[in-house]
Amino acid sequence: MIERYFFPGATFSWAPPQAITTQPKDGTVTVSPPTPSAMTFQDLDTYHFDTNAMNRFRSLGLAKNQAIPHDWLCYIHGRTAKISSTNDVLTGFMSGCYIAVWTDNTGRQVGHIGTIESVGKTQPPNSTVKQTFSAMMPDNVKAYNPAEAWSFNEIMALTRKYPQYDGWWNVLSLVASDSRFYSILLLKHRRNDPLITCAGIKSCAGIGVNMMRQLLA
């Protein structure tokens with residue numbers, strides 16, 4: 001389970017896959033297209049890494065260019081993308097979408113309910129994608145909103161550790177192989193920096209089917 005690698009100060013080489021905006025925004029629950037997402041550990045960022053945690057870091061056995069294995073779940077605007085996976089699943093970036101996990105007759109499914117930040121919560125396609133997922137949602141679903149884990153003030157306090165910081169941060173969702181939920185805050189020194197630093201990770205509680213139906217209504 002890769003959540004142990006996302007500690008404050010861990011720096012990665014990674015080109016985040018882009019959201020998919022070209023499919024019909026009709027609320028359909030659709031299989032996430034196979035998407036390359038190669039992430040490798042590179043270094044420790046001293047602005048965020050606590051040197052008191054050095055023994056813990058050494059116990060991980062991380063080495064430069066070590067791969068961080070995961071499956072990527074696409075964010076498809078106006079649809080719910082799902083992936084059948086027993087591995088660690090990353091998806092993002094997060095601004096308010098719900099991430100869900102459930103099981104069906106084919107195994108574990110992880111879904112990204114693809115609402116769009118620039119559209120009103122009760123307007124299509126946001127209303128469409130929420131209503132469609134709610135209608136098919138099984139009783140064993142668990143879900144969470146990764147963006148809710150971080151307040152704006154928390155994020156700004158962490159960005160102030162970088163001198164001359166110019167504004168790049170994003171929230172990444174991790175559904176671990178044991179279906180636990182995590183929200184990861186990522187930062188860059190500069191917008192065009194090829195390396196991405198983990199500024200923090202939080203374990204998140206999931207909500208069940210009844211609460212989800214209320215939130216998706």
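Sequence positions, counted from 1, serve as the residue numbers for this chain.
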Is the shortest side-chain heavy-atom distance between [X] and [Y] below 4.5 Å?
X	Y	answer
Y98	T115	no
P138	D104	no
S179	R108	yes
V175	F181	yes
L187	K161	no
Y162	H48	yes
H112	M94	yes
I207	L215	yes

task = Decide ring pair (Phe, Tyr, Trp, His ring centres under 6.0 Å) for W102 and F133; before the verdict, give the C-alpha distance in whole Å, the side-chain angles of both, and the deciding distance to 0.1 Å.
result = CA-CA 12 Å; W102 68 95; F133 185 78; 5.5 Å; yes

[Y] backbone acceptor or donor facing [X] side chain under 3.5 Å:
X	Y	answer
T132	T128	yes
D193	K188	no
K142	G206	no
R180	S203	no
Y165	M156	no
N87	D71	no
Y182	P146	no
D88	I2	yes

query = Does the ring center of W150 lie less than 6.0 Å from the ring center of W169?
reply =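 Ring-ring flag for W150/W169: false, centres at least 6.0 Å apart.
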
task = Could you tell me if the ring centre of Y5 sits under 6.0 Å from that of F12?
result = no

How long is the span from the [atom1] atom in [X] to the [atom2] atom in [Y], to the nearest 0.5 Å?
X	Y	atom1	atom2	answer
D50	T46	CG	OG1	12.0 Å
N153	L158	CG	CG	11.0 Å
T103	N140	OG1	CG	3.5 Å
I196	L172	CD1	CG	9.0 Å
T28	M136	OG1	CE	11.5 Å

key: Parallel, tilted or perpendicular, as decided by the 30° and 60° cut-offs, for the rings of H77 and Y75   = tilted

ask   = Is it the case that Y144 and S173 place a side-chain donor and acceptor less than 3.5 Å from each other?
value =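 A donor-acceptor contact under 3.5 Å links the two side chains.
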
Short side-chain donor-acceptor distance under 3.5 Å, S37 and W14 =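 Side-chain D/A pair, W14 to S37: present.
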
message = Between S85 and V110, does the side-chain contact (heavy atoms from CB on, under 4.5 Å) criterion hold? Intermediate values first, please.
response = CA-CA 7 Å; S85 173; V110 182; 5.5 Å; no

Heavy-atom pair of closest approach, residues [X] and [Y]:
X	Y	result
N145	C97	OD1-O, 3.7 Å
V129	G114	CG2-N, 4.0 Å
C74	T35	SG-OG1, 3.0 Å
P125	I116	CG-CD1, 3.7 Å

message = Applying the side chain to side chain donor-acceptor pair (under 3.5 Å) criterion to H189, which one of T11, T197, D45 satisfies it?
response =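 Going through the options one by one, the only one that passes is D45.
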
query = Is it true that R79 and D26 make a salt bridge, defined as a side-chain N closer than 4.0 Å to a carboxylate O?
reply =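 Salt bridge present between R79 and D26.
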
Working for side-chain contact (heavy atoms from CB on, under 4.5 Å), residues N192 and W168 = CA-CA 9 Å; N192 60 357; W168 193 100; over 6 Å; no

request  = Assess whether side-chain contact (heavy atoms from CB on, under 4.5 Å) is satisfied between M137 and I113, documenting all intermediate values.
outcome  = CA-CA 11 Å; M137 187 168 52; I113 303 169; over 6 Å; no

request  = Test Q42 against N65 for side-chain contact (heavy atoms from CB on, under 4.5 Å), laying out the working first.
outcome  = CA-CA 6 Å; Q42 292 299 309; N65 295 321; 2.9 Å; yes

inquiry  = Please say yes or no: joined through hydrophobic side-chain contacts below 4.5 Å, possibly via intermediate residues, are L60 and M39 part of one cluster?
reply    =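 Yes, L60 connects to M39 through the hydrophobic network.
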
query = Is the NZ atom of K121 crowded by more than 12 outside heavy atoms at less than 6.0 Å?
reply =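 Atom NZ in K121 is not packed in, count stays at 12 or less.
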
Within 6.0 angstrom of E117 CD, more than 12 heavy atoms from elsewhere = no

